[in-house]
Colleague: 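I'd like to ask some things about the structure below.
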Amino acid sequence: MGLWLTGYAILMFKIGVILTGVLLLAAYLVLLERKLLGRFQARIGPNRAGIFGLLQPIADGIKLLAKEDVMPRGAHRRIFLFAPAVVTGTALLTFAVVPMGPDLHLGGRKIPMVVTDMNVGLLYVFAMASLSVYGVVLGGWASDSKYAMLGSIRGAAQMISYELALGLSIVPVVMLAGSLSLVDIVQAQAGRPFVLVQPLAFVIFFVSAMAESKRIPFDLPEAEAELGSGYHTEYSGMRFGMFFLGEYVQIQVLGALTAVFFLGGWRGPFLPGPLWLLAKIVLVVTAMIWIRATLPRFRYDQLMDLGWKFLIPAALINIVITGFVMVGI
Amino acid sequence: MPDLIIDNKKIQVAKGTRVIDAAQSAGIYIPRFCYFAELGAVGACRVCAVKFIDGPVEGIEMSCMVEAEDGMVVSTDDAEAVDFRRHVIEWMMMNHPHDCPVCDEGGHCLLQDLTVAGGHGIRRFSGKKRTYADQYLGPLISHEENRCIQCYRCSRFYQEYCGYKDLGVMGIAQRIYFGRYKDGVLENPFSGNLIDICPTGVYTDKPSRYTGRKWDFEQSSGVCTTCSLGCSIRVSARYRQVVRLEAGYSQAVNGAFICDRGRYGFSWVNSEKRPRQGRVDKKTMAPQKAAAAAAGRINDLEKQYGPGAIAVAGSGRSSLEALAAWHHLCQIRSWRGFFFDDLAAGPGAAAAVSGLSRENAVSMKAVESADMILAVGADPLREAPMLALAMRQAWRAGAGVFAIDPRDLEWPFAFRQVSAAADEIPGLVSGMATGNGFFENDSRHGRNMAAIRDQLAQSRSPVIVCGTAAGGQATVSAAAGLVQWLRKSKKDARLFGILPMANTFGGILLNGKPGTPEELIKGMESGQIKALVAAQSDLWKTCQDPDRLDRALRRLEFLCAADCVATELVSRADIVIPVFSVFEAGGIYINQEARAQWSQPAHAGGTPVRITGAGGHPPRVIGAAIPGGGLPPAWLAAWQIAGLAPPDSHEAMMDWMTKAYPVTAPVKTMGSEGVRIFPSQ
Amino acid sequence: MRKWVWIVHSLCTGFYTTLKHIFRGPATELYPEYKRPLPARSRARIILTADPDGRERCVACYLCSAACPVDCISMQAAENQQGRRYAAWFRINFGRCIYCGLCEEACPTSAIQLTPSFEHADRDIMKMVAEKADLQVNHCGKDGNYNFYDHAGVADAFRPKGGHANEAPPVNVRTNMP
C-alpha cells in the first residue's frame with residue numbers, strides 16, 4: 001500500500017517537474033527566438049521588460065490573459081473552445097515517453113528519469129503527433145472563416161504528408177536500436193549517436209519535424225501574407241495563446257525527439273543527463289531559428305514535391321540500405 | 001451657311017459667326033481675354049490666335065476677328081499658333097504683379113488659368129514692372145490696376161453695353177489706364193459685372209473681399225428673387241453664410257449679366273436679426289414646437305369665431321411651393337382667404353398675368369431684338385434694372401424707344417417720353433389701338449403720341465413694356481389691348497409686364513384672384529379677422545398707411561409670422577416660426593414671362609459661423625447638430641401651422657403640388673432654362 | 001550534379017549571410033534614450049514662420065488648405081490695419097495631418113513649413129488641434145531671406161505702389177510725353 005502510494009507520489013512529482021519545465025522552456029524559447037531573430041536582422045529584439053527582456057514572456061502571458069476572448073458569430077462554440085487545448089495537450093503528452101536522464105537510485109528505489117517507459121514509445125509519439133492535426137483542423141473549421149478554413153486544410157495536408165517521411169526516417173533508428181522504446185533507443189547510442197551512422201535519416205527527420213511544427217519555411221497553414229493568420233486567424237487572447245504555446249511545446253518535443261533519436265538523448269560527458277538533453281533541445285531549436293531567419297516560405301507545390309517526391313523515397317531507400325548493411329554485418 | 005473644318009472637325013455654322021464661336025459650338029475652346037460674346041470682338045488681346053491652314057484666309061489670325069467662311073481649314077493646336085499664344089501670355093505677364101496669393105480672383109482667374117495652361121511659369125524679362133495707382137470705385141468694387149492686361153472688356157461693357165461714361169480707358173502707349181477720371185463711386189447700376197467680365201483681378205468684389213477661394217465655396221445656380229425678372233445667378237456660400245452672388249448664364253433671361261441690386265441685395269440672408277429660433281410669446285423654442293403652438297391657437301380661434309376669422313397674408317417672396325401650400329390650406333380649412341401683398345405693390349399685376357399668353361410673352365433676351373419698344377407706366381431701371389439693359393441693346397440695334405410715364409425718367413439711352421399723368425395713360429394707350437386718334441387735337445401729347453403711333457405702324461416686332469405699380473390695372477389692360485390689336489394687324493407684338501416681386505406671377509397663377517391687402521386691412525378693422533398668419537408677408541412695407549395698418553393689427557387676437565426676414569410683422573407677432581430662405585431651401589419662382597425656374601439651395605442652412613463663433617472662428621469641437629439649422633422650408637411651415645401632416649420631402653411636395661394644381665405640372669419637367677407656364681393652359 | 005552543387009552552395013551562402021548578421025550588432029537605436037538628429041528637411045510638426053523683418057508671412061491664400069489631401073488645414077483670410085492680407089484664424093488638425101508636406105510645397109510665401117520635431121502625440125485629441133498662436137514662430141525657418149512682399153507688388157502701409165523689387169514708379173496717365 002505504502003509502496004504503491006510512494007510510486008504515485010513520485011510519478012506526480014515527475015509529471016509536475018516536466019510540465020513546469022516544459023512550459024517555462026516554451027516561454028523562454030519564444031524570447032530566445034525573438035532575440036535571435038532580432039540579431040539576425042540587425043535589430044536589438046525585446047529588451048524593455050526586465051534586464052535583456054527576461055520578463056518579456058511573463059509580460060506577454062499577462063497581456064494574452066488580459067485580452068478579450070472573441071468568438072466569431074458563426075463559430076461552433078464547443079469545438080472552437082476545445083481545439084487549442086488539443087494542440088497544446090497532445091504536444092505536452094508526448095513528453096511522457098522522453099527519457100530525461102539515466103535511472104536514479106534513491107533510497108534503494110530505482111527511479112527511471114522518464115514518466116513512463118513504454119515499449120511502444122515511438123508509436124505513442126506518432127499517435128500524439130497525428131492527434132495534434134485535429135487541433136488545427138477543428139480550430140480552423142470551427143472558426144467559420146475562410147482564412148481559418150484554408151489554413152487548416154493546408155495544415156492537415158502538410159502534417160499528414162510529412163508524418164510519413166517523419167515515420168519512415170525513424171525506421172533505420174529502430175532497426176539499429178532493435179526497440180521501439182525511447183529509453184532503449186537512447187541506451188543504444190551509448191557508443192556513438194545515430195546521427196553519425198544515419199546522417200540521411202537525421203536530415204529527413206529534421207526537415208519533416210520542422211514541417212510538422214509548421215514553422216518557416218513550412219508555415220503555409222498560417223501564412224500571414226495570404227491567409228491573415230491561417231487556422232488561428234479568429235482566435236484571440238489566451239485561446240490564441242494556447243495555439244502559440246502548443247507550437248512551442250511541439251518545437252521542444254521535436255527538439256527532444258531529435259536529441260533522443262540522433263544525438264544520444266541525455267548522454268554526454270561531465271554534465272548530468274537532463275542538462276545535456278536541455279542543451280541538445282536548445283541546440284536544435286536554435287538551428288530551427290537560424291533556418292527561419294534564412295529561408296523564405298515554400299510555395300505549396302514545392303512543399304508537396306519535397307515531401308512526396310524527395311523525402312519519402314529517400315527515407316525508403318535509406319531503410320533498404322540500412323537493412324542490407326545490417327544483414328551484411 | 002458656311003462649312004469649315006476646325007481641328008479636323010467639320011462644322012456648319014450660321015453666316016456671320018466668328019471662328020472663335022464656331023469652334024466653341026464644336027466643343028473646341030479657343031483661349032480668349034478680350035472676346036466676350038455679349039460685348040463683341042475687338043482683337044485686343046491677341047490670345048485667340050489660331051492657324052488658318054487653307055481657305056480665304058491663311059496664316060496666324062485672331063479667331064475672334066474672322067468670320068467663318070466656306071472652305072476654311074483651321075487648326076487651333078498648330079505648333080505655330082500655340083507658340084504665338086504662349087508668347088502673348090508671356091508678354092502680358094511681363095507687367096502682371098506677383099500677387100496671386102493675395103488676389104481674390106486667384107482660383108477663378110482666366111489669366112491664371114491660361115498662364116498655367118500656356119506653360120509660362122518663370123518670368124524671363126528682367127526689366128522693371130509697370131505700376132499704376134489704384135482708385136476708389138465705391139463700396140462694392142475694389143480696383144487694382146497693376147493686374148490689367150488691356151483687354152478693354154471693362155470699358156467696352158461700361159460705355160458701349162451699358163451706356164455710362166464715368167469709367168473708361170485713358171492714356172497712351174505703355175500707359176493705358178482703365179478707371180475713372182478721379183476717385184469716386186461708379187454710377188453704373190450694372191457695375192458689378194466688371195468683376196465677372198474682367199479676365200483677371202483688376203476689379204474684385206469688395207464686400208466679399210478675402211472671404212475665401214472659389215474651391216472652398218458651396219456653389220449653386222440660383223434665381224435672383226430681387227425683382228420679377230428671375231435672372232440666373234451663381235450663389236457662393238461658406239461657413240453657412242452667403243458670400244457672393246455672380247451672374248449666371250441664361251440664354252432666355254439675362255444672358256451673362258445681372259444688376260447690382262441683384263448682386264449685392266442679399267445681406268438679409270446673413271443678418272444677425274434674421275429670425276432663427278421659434279418664438280412663442282417672447283419665449284424662444286424650436287420652430288416645430290412654435291408651429292405646433294400656432295396650430296393650437298388657430299384651432300381654438302377657429303372653434304370660437306369660425307374659420308372665417310383666420311386669414312393668411314403672403315407675398316411673391318415665397319416660392320411656388322409655399323404659395324401653393326398656403327392657398328390650398330386656406331381652401332380646405334375654409335379660412336377667410338389668402339391675401340397677396342403684391343397686389344398693393346403692383347395693382348396691375350393680376351391684369352398683367354391674365355393678359356399674358358404663349359403668343360405674346362417675350363423673354364428679356366428677346367427684348368434686345370425688338371425693333372420698337374414702348375414703355376407704359378414703367379421705369380425698368382428702378383423696377384427691373386436688367387430690362388433697361390436689354391432695352392439699351394435694342395436701342396443700340398436701332399429700335400426706337402418711347403415712354404408714356406408721369407415720372408422723370410433717366411435711362412442710359414435716348415428715348416422719347418410722353419409725360420402723361422398716371423390716369424391719362426390708359427386712355428392714351430388704348431386710344432392708339434381703337435384708332436380714336438383723339439390725341440391729334442391734344443395740345444400736350446399730340447405730337448409725341450403721333451410719333452409713337454407712326455413708329456408702331458412701321459415696326460414689325462414691337463414690345464410693349466408696362467409697369468404694374470404706377471399705372472395700375474387700367475394701364476395694364478390698355479397695354480394688353482394694344483398688343484392684341486397690334487397682333488391682329490399682323491405684327492409680332494409682345495407684352496412685357498414688370499411685376500412687383502419674384503413670384504407675383506406664381507401667386508396669381510395659382511389663385512386667380514387672391515385677396516388684396518386692402519380687403520385684409522378692412523377685415524381686420526371690422527373685427528371679422530381675429531387671427532392673421534403672415535407667411536413671408538411684406539404687408540408693412542407695401543402698405544401705404546402704416547398708422548392704419550398699426551391700428552388694424554392691434555385689433556387682432558393672434559398674429560403669427562413665418563418668415564426668413566426680420567420684418568415689422570415678425571417683431572410684432574405672438575408666435576414666430578423661422579423658415580429657410582431660398583438660399584437654404586431652394587424653390588420655384590415664376591418670372592414675369594411665365595417662366596418657372598428652380599433655384600437651387602446653396603447650403604444646408606444654419607446660423608453663420610461669423611455669428612455663432614467668436615470672431616468668425618469655428619468651434620474646436622464640432623457636433624452633429626448645425627447651430628440654427630433644421631428650420632422648415634416655407635411650404636413645410638405652412639403645413640405645420642395648419643396642424644396637418646405635411647408631404648415628407650420636397651419631392652413629395654412637388655408631386656402633391658402638380659396634382660393639386662395641374663397648371664403647375666410642367667415644373668416637373670423643367671430644364672436649366674425653366675419652363676413657361678401660362679394661366680390659360 | 002551541377003544543380004546539386006548549386007543548391008548546396010546557395011544554401012550555404014544564405015546561412016552564412018544570416019549568421020554574419022548575428023555578429024554584426026544591431027543597426028537600430030534605442031529610441032527614447034538616443035534621439036537621432038534628423039535632417040532639417042524631415043517632415044513633422046508644422047509651423048508658420050515670419051518674414052526676415054519679423055512680420056507675419058502667411059497671407060491666408062488658402063493654397064495649403066487646397067493642397068492638403070486630408071483637409072486638415074482651415075483658415076479665414078482678412079485684411080489687417082496695414083492693408084495686408086492675413087489669417088484671422090488658422091487651424092491645423094494634427095490628428096488628421098499625414099505630414100506629406102504638400103502644404104509647404106504649395107505655400108507661395110514660405111510661411112508654412114514642416115519641421116523635424118515629431119514628438120507631439122497626445123492622448124487628448126483636442127490637444128492635437130493647433131490654432132494660429134500654437135503654430136506661429138518668430139524666425140524664418142528653412143527659408144532665411146525670402147520676403148513675399150518684396151516681390152508681390154501690392155501696396156500696403158510699409159511700401160507704396162512701385163516701391164517693390166523691380167518695379168517702376170506708378171504711371172502718370174495724364175501726360176502725353178513718351
Side-chain angles (χ1 to χ4, degrees), chain B residues 95-104 106-107 123 125-135 142 144-148 169-179 181-182 201 206 208-217 238-239 241 609-610 613-622, chain C residues 57-67 71 74-80 83-91 93 106-109 111 125-132 148-156 160-178:
Chain B
N95 287 314
H96 193 82
H98 184 77
D99 64 351
C100 294
V102 296
C103 173
D104 255 350
R123 187 175 143 92
F125 176 63
S126 58
K128 295 200 164 194
K129 282 185 181 181
R130 176 191 57 205
T131 58
Y132 293 106
D134 302 327
Q135 287 181 331
S142 21
E144 179 74 44
E145 181 61 17
N146 275 5
R147 297 173 185 148
C148 182
V169 56
M170 52 194 115
I172 56 164
Q174 263 278 56
R175 304 193 296 267
I176 300 237
Y177 186 81
F178 294 83
Y181 176 70
K182 56 178 187 180
K206 212 178 236 178
S208 70
R209 187 166 166 86
Y210 297 164
T211 343
R213 294 270 179 230
K214 189 184 173 84
W215 57 72
D216 282 331
F217 293 148
R238 184 166 188 250
Y239 289 138
Q241 177 168 342
V609 173
R610 178 178 55 85
H617 205 304
R620 284 171 66 83
V621 182
I622 294 168
Chain C
R57 243 179 191 169
C58 175
V59 295
C61 67
Y62 297 99
L63 284 181
C64 51
S65 73
D71 283 350
S74 51
M75 77 196 81
Q76 178 61 56
E79 193 165 10
N80 67 10
R84 282 190 171 186
R85 182 172 167 139
Y86 79 113
W89 56 266
F90 193 104
R91 178 182 288 171
N93 184 347
C107 184
T109 65
I125 191 103
M126 289 318 295
K127 288 195 183 142
M128 302 293 286
V129 181
E131 301 293 347
K132 190 175 174 186
F148 171 74
Y149 281 97
D150 284 348
H151 308 276
V154 281
D156 55 20
K161 270 280 167 75
H164 306 83
N166 219 16
E167 270 188 352
V171 163
N172 179 5
V173 286
R174 303 206 202 291
T175 176
N176 276 345
M177 300 301 285

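Per chain, numbering begins at 1; letters A, B, ... match sequence-line order.
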Colleague: Do you know which two heavy atoms are closest between B:Asp99 and C:Phe148, and how far apart they sit?
Modeller: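 The pair with the smallest heavy-atom distance is CA-CZ, 4.4 Å.
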
Colleague: Is the shortest side-chain N to carboxylate O distance from C:Lys161 to B:Glu144 below 4.0 Å?
Modeller: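 Looking at C:Lys161 and B:Glu144, the cut-off is met.
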
Colleague: Could you tell me how the ring of B:His98 sits relative to the ring of C:His151: parallel (under 30°), tilted (30 to 60°) or perpendicular (over 60°)?
Modeller: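 Rings of B:His98 and C:His151: perpendicular, over 60°.
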
Colleague: Ignoring hydrogens and geometry, is there a side-chain-to-backbone donor-acceptor pair from C:Arg85 to B:Tyr210 under 3.5 Å?
Modeller: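 Absent.
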
Colleague: Name the region of B:Arg610, side chain, backbone, both or neither, that has any atom closer than 4.5 Å to a heavy atom of chain C.
Modeller: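 No part of B:Arg610 comes within 4.5 Å of chain C.
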
Colleague: So for B:Thr211, is it side chain, backbone, both, or neither that comes closer than 4.5 Å to the heavy atoms of chain C?
Modeller: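 Its backbone and side chain both get close to chain C.
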
Colleague: I would like to know whether C:Val171 and B:Tyr177 meet side chain to side chain contact (heavy atoms under 4.5 Å, CB included); could you show each step before the answer?
Modeller: CA-CA 9 Å; C:Val171 163; B:Tyr177 186 81; over 6 Å; no

Colleague: Of the backbone (N, CA, C, O) and the side chain (C-beta and beyond), which part of C:Ala66 lies under 4.5 Å from a heavy atom of chain B, both, or neither?
Modeller: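 For C:Ala66, backbone and side chain are both near chain B.
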
Colleague: Apply side chain to side chain donor-acceptor pair (under 3.5 Å) to B:Asn95 and list each qualifying residue two or more places apart in sequence or on a separate chain.
Modeller: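 Expected list: none.
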
Colleague: Could you walk me through whether B:His617 and C:Gln76 pass the side chain to side chain donor-acceptor pair (under 3.5 Å) test, one step at a time?
Modeller: CA-CA 8 Å; B:His617 205 304; C:Gln76 178 61 56; over 6 Å; no

Colleague: Hey, what do you get for SG (C:Cys61) to CZ (B:Arg213), rounding to the nearest 0.5 Å?
Modeller: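 The CZ atom of B:Arg213 is 6.0 Å from SG of C:Cys61, to the nearest 0.5 Å.
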
Colleague: Given a strict heavy-atom distance threshold of 4.5 Å, which part of C:Pro160 is in contact with chain B: side chain, backbone, both, or neither?
Modeller: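 No part of it gets close to chain B.
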
Colleague: Once side chain to side chain donor-acceptor pair (under 3.5 Å) is applied, what residue pairs with a partner in residues 166-177 of chain C remain, sequence neighbours excluded?
Modeller: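 Residue pairs passing side chain to side chain donor-acceptor pair (under 3.5 Å), neighbours aside: C:His164-C:Glu167.
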
